[in-house]
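Okay, so here's the structure we're looking at.
Numbering of ligands and ligand atoms starts at 1, following listing order.
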Amino acid sequence: MTSPPTAGTRPDEVRRHNRAALLRRLHVAGPCTRETLASELGLNRSTIKTLVDGLAEDGLVEERLPAQRSGAGRPSLLVLPQPQAAVVLAVDIRVEQVATALVGIGGDILGRCSWSLRRKTREPREVFTKIIDTSELLIEELAVDVVAVGVSVPGTVRKSDGLVHEAPNLHWSNVALGDWLGRTLHRPVHVGNDAELGALAEHLRGVARGASDVVYVTADVGVGGGVISNGSSMRGSGGYVGEIGHMVVNPHGRQCYCGCRGCWETEVGEHALSRALGIPEDSPRGAIVAELRGLVGKPDETLSRLGDFGEWLAVGLVNVVNLLCPQLVVLGDLFTALPDVLVEQVGRKVRERSLVSRALGGTRIVTSSLGSDVKLLGAAELAFEPVLASW
Ligand SMILES: [Zn+2]
């Protein structure tokens with residue numbers, strides 16, 4: 001819903017504000033009729049007609065009859081965003097893999113490419129060069145113009161210039177990634193923490209759509225958190241918010257690379273899950289997922305093998321919920337492979353033990369609905385945010 005213009009606002013500013021709000025509505029929530037736009041944006045029909053006609057002239061939207069007709073009479077035209085009219089480059093850097101994609105307005109992935117990161121090829125300059133090479137190939141293949149770039153990194157990122165301060169599981173420190181990419185691609189580059197971007201994607205396009213207060217928990221080799229507070233990303237000073245994987249939950253636990261002992265990450269990260277499953281700590285992701293799939297339909301065995309793991313998951317989540325008061329916690333990445341019976345048990349424990357959850361009538365604990373694309377989509381949204389605001 002757009003906010004009403006303030007008194008004294010100039011007509012061209014009002015028009016720009018309304019145009020951006022309409023485009024954002026179509027981008028995030030998909031095609032709809034002019035009537036729906038008028039009602040959702042609180043604007044009259046003639047204003048909507050002028051805005052839609054202007055956007056169509058600029059090639060950003062088109063109007064089309066719906067593919068499926070409902071009811072009698074002439075169906076209303078749908079207003080659709082034109083994906084090729086505004087395309088961003090999204091990059092998802094993970095510990096084991098990098099993915100790049102071109103994402104059009106409306107959120108469709110138009111083309112993609114990914115490659116594995118072996119220990120020896122994680123050197124920042126090598127990753128940077130490969131991102132540039134694959135992006136140029138994708139752009140050439142699709143023959144599109146890229147308006148901005150969004151990048152997801154599993155580490156602490158300075159919002160102002162995309163400096164990766166620390167990405168411990170990649171062994172990166174003080175990498176000027178935003179600066180390097182901006183100088184080579186000659187486009188605005190926005191770099192964000194992977195959990196922050198997971199939260200953004202789930203909030204706009206996934207299971208947390210419509211919720212104003214959300215925590216997304218990422219679980220790759222490391223564990224992190226992204227927070228949507230009152231409908232916006234919480235970024236903290238410098239953009240470094242969300243290192244919930246380094247909450248100390250077990251003072252008698254294992255030593256963590258961050259300098260503390262018994263961080264949540266050491267109790268519920270990928271290595272901890274492998275230990276809980278009784279497989280080697282450095283098992284590949286595929287082996288962990290296969291082991292978890294083998295537990296489907298075996299609730300007793302699941303809870304007996306993963307009961308302690310689930311307890312640590314609940315302990316950390318109670319802290320997170322008490323601190324941030326979300327309506328919804330979304331478990332991402334490796335946690336999406338956890339058997340339902342375990343997730344349900346963890347959810348019950350959090351609701352029983354958290355004061356905040358009891359006051360809210362029960363925080364929901366759910367798994368991500370966007371699969372492995374969640375951070376790519378989040379990186380695309382990070383790039384789209386300023387683009388949509390300026391149109
Ligand atoms: Zn730690």
Side-chain angles (χ1 to χ4, degrees), residues 93-96 117 119 122 124 152-159 163-175 177 191-199 215-227 233-277 279-283 285 288 306 308-324 326 329-336 338 346 349-350 353-354 365 368 375:
I93 302 174
R94 295 170 179 234
V95 178
E96 307 289 343
L117 269 192
R119 201 152 289 165
R122 281 186 202 143
S152 164
V153 178
T156 48
V157 177
R158 188 163 67 198
K159 171 111 184 77
L163 175 98
V164 180
H165 190 252
E166 273 188 81
N169 292 312
L170 287 168
H171 304 286
W172 288 12
S173 129
N174 291 317
V175 174
L177 188 64
V191 186
N193 168 267
D194 63 341
E196 174 199 334
L197 300 185
V215 175
Y216 174 87
V217 184
T218 179
D220 212 330
V221 176
V223 173
V227 184
S233 293
M234 183 193 277
R235 288 180 171 140
S237 182
Y240 300 128
V241 78
E243 288 301 329
I244 56 176
H246 300 281
M247 290 183 299
V248 175
V249 293
N250 181 6
H252 307 294
R254 291 172 179 244
Q255 185 65 39
C256 178
Y257 60 76
C258 75
C260 297
R261 182 176 287 282
C263 290
W264 197 32
E265 180 171 310
T266 66
E267 302 294 344
V268 299
E270 191 172 275
H271 292 168
L273 183 53
S274 292
R275 288 197 302 273
L277 287 165
I279 60 177
E281 201 174 75
D282 57 354
S283 296
R285 171 68 64 97
I288 302 170
L306 294 178
D308 287 350
F309 176 87
E311 176 61 21
W312 285 118
L313 193 52
V315 166
L317 287 173
V318 168
N319 287 333
V320 168
V321 168
N322 278 337
L323 185 66
L324 295 165
V329 176
V330 184
L331 302 177
D333 299 308
L334 191 53
F335 288 159
T336 60
L338 293 176
V346 168
K349 286 182 178 180
V350 174
R353 297 179 195 169
S354 159
I365 312 286
S368 164
K375 286 153 192 181

Report the residues that fulfil salt bridge (Lys or Arg N to Asp or Glu O under 4.0 Å) with E311, sequence neighbours left out, ordered by chain and then residue number.
->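 With neighbours one apart ignored, the set is K349, R353.
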Quick one: do R94 and E270 make a salt bridge, cutoff under 4.0 Å?
->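 A salt bridge is absent here (no side-chain N lies under 4.0 Å from a carboxylate O).
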Basic-acidic side-chain contact under 4.0 Å: D333, K375 = yes
Please identify each residue that fulfils side-chain contact (heavy atoms from CB on, under 4.5 Å) with L323, with sequence neighbours left out.
-> none
What residues, two or more places apart in sequence or in another chain, satisfy ring pair (Phe, Tyr, Trp, His ring centres under 6.0 Å) together with H246?
->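 Once residues adjacent in sequence are excluded, the partners of H246 under the ring pair (Phe, Tyr, Trp, His ring centres under 6.0 Å) criterion are Y257.
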Protein-side N, O or S atoms sitting under 2.8 Å from the Zn ion (ligand 1) are H246 ND1, C256 SG, C258 SG, C263 SG
Derivation of the side chain to side chain donor-acceptor pair (under 3.5 Å) call for S354 and N322 | CA-CA 6 Å; S354 159; N322 278 337; 2.9 Å; yes
